[in-house]
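Taking it in order: structure first as structure tokens, then the write-up.
Note on naming: letters A, B, ... go to the chains in the order of the sequence lines (proteins, then strands), and numbering restarts at 1 for each one. Note that the structure is predicted; figures quoted are calculated from it, not measured.
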Number of protein chains: 2
Amino acid sequence: MSENLKGKDKLVKVAIELFSTRGFKGTSIRDIAQAMDMSISNIYHYFGNKEGLLLAVLEHASRGLTDRLGQVADMDLAPLDHFKKLVGTHIELSDYYKKEVKIFFLDEEHLSKQGEEINNQVQKDILKIYCKELAALKTAGLLNRKSITITAFNILGTINWYLRWYRPEGQLSREEIAEEIVSFILHGVLGSQE
Amino acid sequence: MSENLKGKDKLVKVAIELFSTRGFKGTSIRDIAQAMDMSISNIYHYFGNKEGLLLAVLEHASRGLTDRLGQVADMDLAPLDHFKKLVGTHIELSDYYKKEVKIFFLDEEHLSKQGEEINNQVQKDILKIYCKELAALKTAGLLNRKSITITAFNILGTINWYLRWYRPEGQLSREEIAEEIVSFILHGVLGSQE
DNA sequence: ATTATTACATATCGATCGTTCGATATTGTG
DNA sequence: CACAATATCGAACGATCGATATGTAATAAT
């Protein structure tokens, strides 16, 4: 589906592919032009400059991520079910936006002010969602961790790390892995203090 | 201490600083030369080319990491104490090699064959240490996770993610944070299946 | 003391980088 | 049809990139 993209959309698609595999600095605009079999000038016509293209990619991904995750966060479920649903959806979404997320992590160091803002915002939004979620668990008497923030970071670390090591050719299916990760997080969160 | 470094050592130190903040591709050899107030040619004299310098950095860090971690892995302790000690040391080491580890993660995409080998080796070594550790916990009847490998990855994710969000100016001390992370991991590992 | 090796500097090369410019298709609109 | 707006092209720009060639000063070895 959506094979014969043209112009702007094709450009973004190709950029996601190349930025995620070679990094922003490691990808020249000539690489991009060649990969989509078009002229260099289109990048400047549509996005102003190379960084404009990067920003478009990041903006698109950050919207998709936080919007969907926010939807789940607003659902009306029992605390524990809500939490499970959230983590499960987050893993799914991370998979879907695998390449875009990788760009965030690979190139967060050399972003412009605008890029940093997008990056900070999406990180802050997602962290906030988890903190709120953990606070609800605490209210329900289910949370036994000292620091909610650190716990939220630990959850993000577990999920985001999954993107680095998961290989489709492995023995376990994505669903089985997701289940195991959810379980690990759940016990990490609920476990009683020693 | 060790301020007035010269030649090779100074070069490596400056390279760690710049590669970790701007990335490999984002750092030119002229940047490095300028930062250490020396001529470009030294890089080629000592390391052959730009990538040789990167390899030297990675090799140094990977040795320091796996050697020290391997030492702890060989200690003779009760399973649970052994595991705690391992995770604690790992967090300490990650802090010490913060910048070098960041280089690994930032630039793993555009490494040469040799660089990939170093990267794969250190990742494999550390994963192996944790898998062995988790197997020991399982034997002792303390582990309740389905997949040892996934659990090991989850632990690595939690620890490595800490490097991304930790800021010295935060409220909690590094020791308090480390304790909280160890606790999170511990319960994630030991938690019973539902 | 002579020599060989190491440690640095200068100047420069060709390739590639991001960007700009002016021109040409293509499309939509009255 | 005319004509404006949009989409795309190829050629060129100055800057910077990694790398090299060729030198000299410092140090170590004999």
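In this view, A:L111 and A:L54, A:L58, A:E116, A:N119 satisfy the side-chain contact (heavy atoms from CB on, under 4.5 Å) rule, not counting sequence neighbours. Scored by the side-chain contact (heavy atoms from CB on, under 4.5 Å) test, A:S173 finds A:E175, A:E176 as partners (sequence neighbours excluded). Taking the salt bridge (charged side-chain N to carboxylate O under 4.0 Å, His left out) definition, one finds that A:E17 meets it with A:K99, sequence neighbours left out. Every residue was checked against the salt bridge (charged side-chain N to carboxylate O under 4.0 Å, His left out) condition with B:D67, not counting sequence neighbours, and none meets it. When the side-chain contact (heavy atoms from CB on, under 4.5 Å) test is applied to B:E109, the partners found at least two apart in sequence or on another chain are A:K102, A:L106. Not counting sequence neighbours, the partners of B:I177 by the side-chain contact (heavy atoms from CB on, under 4.5 Å) test are A:I150, B:Y162, B:W165, B:Y166, B:L172, B:I181.
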Report all side-chain donor-acceptor pairs from residues 71-78 of chain B shorter than 3.5 Å, counting only partners two or more places apart or in another chain.
none

Donor-acceptor pairs under 3.5 Å, side chain of residues 34-53 of chain A to any protein atom, not counting sequence neighbours: which ones?
| unit_1 | atom_1 | unit_2 | atom_2 | d |
| --- | --- | --- | --- | --- |
| A:S39 | OG | A:S41 | N | 3.3 |
| A:S39 | OG | A:S41 | OG | 3.0 |
| A:N42 | ND2 | A:S39 | O | 2.9 |
| A:N49 | OD1 | A:E51 | N | 3.3 |
| A:N49 | OD1 | A:G52 | N | 2.9 |
| A:K50 | NZ | A:F24 | O | 2.9 |
| A:K50 | NZ | A:T27 | O | 2.8 |
| A:E51 | OE2 | A:S112 | OG | 2.4 |

List, with names and distances, any nitrogen or oxygen atoms from the protein found under 3.5 Å away from nitrogen or oxygen atoms belonging to nucleotides 5-11 of chain C.
| unit_1 | atom_1 | unit_2 | atom_2 | d |
| --- | --- | --- | --- | --- |
| C:dC8 | OP2 | B:Y46 | OH | 2.6 |
| C:dC8 | O5' | B:N42 | OD1 | 3.3 |
| C:dA9 | OP2 | B:S39 | N | 2.4 |
| C:dA9 | OP2 | B:N42 | ND2 | 3.0 |
| C:dA9 | N7 | B:S41 | OG | 2.7 |

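Taking atom CZ on A:F24 and atom P on C:dC17, their separation rounds to 13 Å, with Å as the unit. The distance between atom CG of A:N49 and atom P of C:dT19, rounded to the nearest whole Å, is 5 Å. For the pair A:K50 NZ and C:dT19 P, the interatomic distance rounds to 8 Å; values are reported in whole Å. Protein atom NZ of B:K25 is 11 Å distant from nucleotide atom C1' of C:dT16, rounded to whole Å.
Side chain to side chain, B:R145 and A:S183 meet the donor-acceptor criterion of an N or O pair below 3.5 Å.
For DNA chain D, the span of nucleotides reached by chain A at under 4.0 Å from its heavy atoms goes, 5' to 3', from D:dA7 to D:dA12.
Against DNA chain D, the stretch residues 27-36 of chain B makes heavy-atom approaches under 4.0 Å through B:T27, B:S28, B:I29, B:R30.
The ring pair (Phe, Tyr, Trp, His ring centres under 6.0 Å) analysis of residues 67-96 of chain A, with sequence neighbours excluded, yields the pairs A:H90-A:Y130.
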